[in-house]
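One structure is given below, encoded as structure tokens.
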Amino acid sequence: MIFKTILEPFRIKTVERIRLTTQEERETFLQEAHYNPFLLHSDQVIIDLLTDSGTSAMSSEQWAGIMRGDESYAGASSWLRMEKAVQELTGCPYILPTHQGRAAEHLLYSRIGGAGKVFISNTHFDTTRANIEFTGATAVDIPIAENRDPALFTPIQGKPGHGALKEKIALYGAENIAAVILTVTNNSGGGQPVSMENARHTAEICRQHKILFILDACRIAENAWFIRHREPGLEHKTYRKIAQEMFALADGCIMSAKKDALVNMGGFLALRDLDLAVLCRTVLIVTEGFSTYGGLSGRDMEAIAIGLEEVFEPDYLNYRIKSTAYLADKLHALGIPIMRPAGGHAVYVDARAFYPDIPLDQYPGQVMACELYRLGGIRCCEIGSVMFGKYDAGGQLIPATMDLVRLAIPRRVYTQSHIDYVAEVFGELTKHRSNKKGLKIVYEPPFLRHFTARFELV
Ligand code: F0G
């Protein structure tokens, strides 16, 4: 008998209180936060779906590891444990620990980037793009066409279009391409998985043209779940084996451990090439710390080593992916336009389709994020024209390709009743859909404006 209930495969040993605010209180908090959920205080939030990054609940084994953490400056046993765990998973001999993913990006991209260099990806995550552009290099996204349409139902997505990859190589010249970066799963493109077939093709093209091939692997375990359940021929392999096969295709990887290593802080860069590793290690020592701890405490490294094992447990991954799909299915049944099928770590709602009457320069995604907070205390993040919009010469908004709202699910944190509550709030949202007012920006910084921009109701 296979039961339908998605059973959380853990018991709860420690609890963290959630303050249940009233709608009246939240309206005040929202005004005080200038209609930007990033500016809310966490105790004003009931369900926090802002990010799945660094928000995981650690296991009792990880907490036990925290006590074992060896805080020696050099050669700590916790480092050796983390190094071995990462080597075994990625197959890369050279491991550089960092305090989080973007630090690992900085180590590598500051070395191989620079003016005239081009990076190509299925979609660069925003810190990836920022690290690349900061060096004067160019970051080019080539997602498959389907990724641009939030309503499209395709079995496996997130791959760079291979015709497009060859075209870009011809356009820029292989010698000018610093790296091809495959982001698995494709966070900015809807959290969609990348197939093994695609990773293999990408690797082949890179090898032919002698281009460095890097995996942005922070959600590689979730990606492996999709491959095993959707890609023919791989259904008999373990999730870990699938991940190892994908790592084996690349010259190295960057991982924010704050996602699929189930920890609150950490990351690493893993490389096959000694010369490149030595180059990056110099930056590591200057900016992060000595090469056997990077920006991490011994206890962090201990928790990463354990998390990298736990994340591949079949019961965990099943629960993880199915509970995200559970929310997606509930929202779909309510008629909420979402990207389907759901990705692994988040559900992406198409706010532009939900609020067709709100002009794009009044930020329908931001409106939805604020409404979800106002009605139900749910915090989430706009991924649309606030985050990616630009201005033309006349100061008119050039909107992003899509106006999405991301409901990112922290790992092992919320139960099914929390998720049911989120769906119920969406039910309320549909009742308050018409005559919704848009928002205008009254303050914005020059760079990464979504974190600190201030808004007013139009
Ligand atoms: N790459 C991807 C695909 C990411 O999603 C992130 C972070 C990073 C790199 C950078 O890692 O935060 O440890 O420095 N994503 C978070 C998010 C912030 O909310 O999606 P980091």
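Start at 1 and go down the list; that is how both ligands and their atoms are numbered. Quick caveat, the model's predicted, so the values are computed rather than measured. Just so it is clear, the values below take in all heavy atoms, side chains as well, and ignore hydrogens, waters and symmetry mates.
Side chains of Arg379 and Ser42 form a contact here, defined as non-hydrogen atoms less than 4.5 Å apart.
Of the charged side-chain nitrogens involved, none lies within less than 4.0 Å of a carboxylate oxygen, so that Glu204 and Arg200 do not count as a salt-bridged pair.
Listed by chain and residue number, the protein contacts of ligand 1 are Thr51, Ser53, Gln100, Gly101, Arg102, Glu105, Phe125, Thr127, Thr183, Asn187, Asp216, Cys218, Arg219, Ser256, Lys258, Lys259, Arg406 (heavy atom within 4.0 angstrom).
When all heavy atoms of Cys380 and Leu50 are compared, the closest pair comes out as O-CD1, 3.6 Å.
By the ring-ring contact (aromatic ring centres under 6.0 Å, His included) test, His99 pairs with no residue at all, sequence neighbours left out. Applying the ring-ring contact (aromatic ring centres under 6.0 Å, His included) test to His418 and every residue at least two apart in sequence or in another chain returns Tyr414.
Sequence neighbours left out, the pairs with a member in residues 397-421 that pass salt bridge (Lys or Arg N to Asp or Glu O under 4.0 Å) are Asp52-Arg411, Glu222-Arg411, Asp260-Arg411, Glu310-Arg412, Lys330-Asp420, Arg352-Asp403.
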